[in-house]
Amino acid sequence: MNRLEAGEEVDIPIHLITEFRKRYEKLDRIVKSHDSTLVMMYEYFSHERNPHNEGNIIPEGVSIEDAPDFHEMLTGMLDELSNENITKRVAYSVPRGHAKSAYLSNMFPVHQLVFGLRRYILIISETLGMSRKFIEWINDQLKFNKKLREDFGELVNTPLNRDLTDNKDSFETINGCFVQASSIGGQLRGSRYKSFRPDLVVCDDLESSKNTNTLDLRTKNEDWFNKIIIPIGDVTRTAIIYMGTLVHATGLLPHVMKRADFDGKMFSAIVEEPERQDLWDEFEEMYRDQENPNRLDDATHFYESHKEEMDKGAKTLWNDRFPYYKLMMEKVNIGSRAFGSEFLNMPIDDETAIFKSSYFQYFDDKDLYDAGGRPLPLDVYGFWDIAIGKNANSDYNAIITLGRDRRTGVIYVLDAYAKKEPMHMSLRVAEQKIAEYGHKVFGVETIQAQYDMFRQLRENATKRGLYRTRIKAVNPRGKKEDRIMTLEPLFENGTIRMKRSQRLLIEQLQQFLNHDNDDLPDALASAVDLCGGNRRRTFYKSLRDYNPLAFLF
């Protein structure tokens, strides 16, 4: 064979160059897909890169550059589980509509199969029918996704391999892998494929209102998970991933998320609240107005007219699909209770809740006028609960304004402001609220450095000529939880009424003792105390024995 001299030019046929380029591109995408499940998703299951595949998950016009941070984080966890920590246990609570199943139960098993990373994959859903749909999609991709087959070869039944298991509950692959569908409570003890125990267990939305609505059912689910799923695999090879949406505060998913052996995370569709909550309150009331047949157009126009202000500070988990304004519309469409469970991952457990949803009564601005169109005779009170010290970045500065009807004693929560911000910024908000509402009394929590905020507020109010409002220093006594608990009979008896748009206040009340924050309920309790709402309760044998309206006349 003649050797080429250094520097000698060689003519390579163009068809070989084209062939080499195709081979390189193929190997390049295979290697990148092995290392990144996000690349795998867009390479084989997107319209952009695989336009002729009928089972695509990523629609036309969406590229990998459009992937939200949440999907990058999710696939980063899957990559770690594939290549580094193969026995990792994960429990994520993810809001509805954020493609958790598309990544976890559709794409990821395909990734594990084509690279031969798992031998026995078990996919479990609430019902067998749900998990069968995942199995069917995976099987169809291995059979009919042309690009996938060209890159990884034939992996399921062909005319030469008709002896492989292939049905709606399970199937085998030519490279020696097995995929099986099951449901919560399924008989899975001792499951094996040849000599292999399950080495990847995918639990996708195991719970619903049907199997969590009694304590017995929740206990049964937990026992099944602990006795069947946890010991089902091989401690040296098996990974367990459980993802779902919280449907009950004491259900299986929150239990698993708290376990030390699981990496538990909870995600909300709303990551950061917007700065101008007052504008969003207007938007929501406009969209909620049943008497206005043009409420959708009016609310949309209002948003578009104030878009820059309203969007400032707002951040959602998947902004392209669920921008903040769409989430607020969805909250009105499905109701706050369903929205809290499906999108915020904050299910309401009325069995154990202190403030039950059935207690809440709501009002609109028109309810603040009598039948003759005259405004109700309201005495207006306010309170500022100041976030300070080590909790200043995690707690809310909360400002509550309420009006007490002098005739009936009904207390209307006129405004509920809350934001995680430095207290000097909330100082300006407090001034604005006093100027707007002209409170009879405005209380300020004064513990340690908080007293300086009270002093500054009083001085600034004097400079602005806000003499109508008495600004009062308040040092709340007793435990915060006990103060908030005194509101319970007032809600139950309909004395306190809120606006439906006051979502954060409602949420913190519903989740009281379980929510990360209770600053708005605490501010409300202090404001109610200022207006006399908690007086004379010791004259009664129990809070449920007294008429909450009597002391207000």
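Remember, predicted model here, so these are calculated numbers, not experimental data.
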Please tell me if the side chains of [X] and [Y] come closer than 4.5 Å, counting only heavy atoms from C-beta onward.
{"X": "Met329", "Y": "Val332", "value": "no"}
{"X": "Cys531", "Y": "Leu402", "value": "yes"}
{"X": "Arg458", "Y": "Val444", "value": "no"}
{"X": "Gln456", "Y": "Met453", "value": "yes"}
{"X": "Met498", "Y": "Leu505", "value": "yes"}
{"X": "Met266", "Y": "Met257", "value": "yes"}
{"X": "Met328", "Y": "Ile270", "value": "yes"}
{"X": "Tyr362", "Y": "Gln502", "value": "no"}

Rounded distance (nearest 0.5 Å) linking atom [atom1] of [X] with atom [atom2] of [Y]:
{"X": "Asn221", "Y": "Leu253", "atom1": "CG", "atom2": "CG", "result": "11.5 Å"}
{"X": "Gln432", "Y": "Ser426", "atom1": "CD", "atom2": "OG", "result": "10.5 Å"}
{"X": "Asp395", "Y": "Asp522", "atom1": "CG", "atom2": "CG", "result": "10.0 Å"}
{"X": "Trp384", "Y": "Leu457", "atom1": "CH2", "atom2": "CG", "result": "6.5 Å"}
{"X": "Ile230", "Y": "Arg89", "atom1": "CD1", "atom2": "CZ", "result": "4.5 Å"}
{"X": "Tyr42", "Y": "Ser36", "atom1": "OH", "atom2": "OG", "result": "10.5 Å"}

Do [X] and [Y] meet the criterion of a side-chain donor-acceptor pair at a distance under 3.5 Å?
{"X": "Glu207", "Y": "Asn211", "result": "no"}
{"X": "Ser357", "Y": "Gln510", "result": "yes"}
{"X": "Ser268", "Y": "Asn345", "result": "no"}
{"X": "Asp365", "Y": "Tyr412", "result": "no"}
{"X": "Tyr325", "Y": "Asp311", "result": "no"}
{"X": "Thr300", "Y": "Asp297", "result": "no"}
{"X": "Asn292", "Y": "Asp298", "result": "yes"}
{"X": "Asn397", "Y": "Glu421", "result": "no"}
{"X": "Asp204", "Y": "Ser125", "result": "no"}
{"X": "Thr250", "Y": "Arg218", "result": "yes"}

Examine distances only and state if a side-chain atom of [X] and a backbone atom of [Y] form a donor-acceptor pair shorter than 3.5 Å.
{"X": "Arg470", "Y": "Phe442", "answer": "no"}
{"X": "Thr75", "Y": "Leu78", "answer": "no"}
{"X": "Thr495", "Y": "Phe491", "answer": "no"}
{"X": "Ser341", "Y": "Ala338", "answer": "no"}
{"X": "Trp318", "Y": "Ala269", "answer": "no"}
{"X": "Ser526", "Y": "Ala523", "answer": "no"}
{"X": "Thr469", "Y": "Ile471", "answer": "no"}
{"X": "Thr127", "Y": "Met130", "answer": "yes"}
{"X": "Asp205", "Y": "Thr245", "answer": "yes"}
{"X": "Thr401", "Y": "Leu414", "answer": "no"}

Pair Asp216, Thr219 - check side chain to side chain donor-acceptor pair (under 3.5 Å), show working.
CA-CA 5 Å; Asp216 287 344; Thr219 301; 5.5 Å; no
Lys312/Glu308 ion pair, N-O < 4.0 Å
no
What I want to find out is whether Arg96 reaches Glu342 closely enough, with some N-O distance under 4.0 Å, to be called a salt bridge.
yes
More than 12 heavy atoms of other residues, nucleotides or ligands under 6.0 Å from [atom1] of [X]: is that the case?
{"X": "Lys220", "atom1": "NZ", "result": "no"}
{"X": "Arg468", "atom1": "CZ", "result": "no"}
{"X": "Arg259", "atom1": "CZ", "result": "yes"}
{"X": "Lys366", "atom1": "NZ", "result": "yes"}

For [X] against [Y], the heavy-atom pair lying closest together:
{"X": "Glu445", "Y": "Ile447", "answer": "OE2-CD1, 3.5 Å"}
{"X": "Gly244", "Y": "Lys100", "answer": "CA-CE, 3.7 Å"}
{"X": "Asp370", "Y": "Leu376", "answer": "N-CD2, 4.0 Å"}
{"X": "Ala418", "Y": "Leu504", "answer": "CB-CD2, 3.8 Å"}
{"X": "Tyr381", "Y": "Leu530", "answer": "CE2-O, 3.7 Å"}
{"X": "Thr486", "Y": "Arg483", "answer": "OG1-O, 2.5 Å"}

For the aromatic rings, using the six-membered ring if either is Trp, is the centroid distance between Tyr417 and Tyr396 under 6.0 Å?
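No: the rings miss the under 6.0 Å criterion.
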Aromatic ring centroids of Phe322 and His98 under 6.0 Å?
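Here the rings of His98 and Phe322 have centres that are less than 6.0 Å from each other.
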Do the numbers put Arg295 on top of the ring of Tyr287, so that NZ or CZ is under 6.0 Å from the six-membered ring centre and no more than 45° off the axis?
no
Pair Arg406-Asp379, salt bridge (charged side-chain N to carboxylate O under 4.0 Å, His left out): steps then yes or no
CA-CA 7 Å; Arg406 291 192 292 272; Asp379 288 329; 2.7 Å; yes
Show your working on salt bridge (charged side-chain N to carboxylate O under 4.0 Å, His left out) between Glu330 and Lys326 and close with a plain yes or no.
CA-CA 6 Å; Glu330 196 66 13; Lys326 285 190 176 181; over 6 Å; no
Give the ring-plane orientation class for Phe262 versus Phe225, where under 30° counts as parallel, over 60° as perpendicular and anything between as tilted.
tilted
Can you classify the ring geometry of Phe339 versus Phe343 as parallel (below 30°), tilted (30 to 60°) or perpendicular (above 60°)?
parallel
List the steps and the verdict of salt bridge (charged side-chain N to carboxylate O under 4.0 Å, His left out) for Asp263 and Lys265.
CA-CA 7 Å; Asp263 173 20; Lys265 286 186 174 66; 3.0 Å; yes
Would Lys499 and Glu285 count as a side-chain contact (heavy atoms from CB on, under 4.5 Å) if you check the C-alpha gap in whole Å, the side-chain angles of each, and the deciding distance to 0.1 Å?
CA-CA 9 Å; Lys499 292 183 177 181; Glu285 288 187 18; 3.1 Å; yes
Salt bridge (charged side-chain N to carboxylate O under 4.0 Å, His left out) assessment of Lys433 paired with Asp415
CA-CA 9 Å; Lys433 299 296 183 185; Asp415 187 79; 3.1 Å; yes
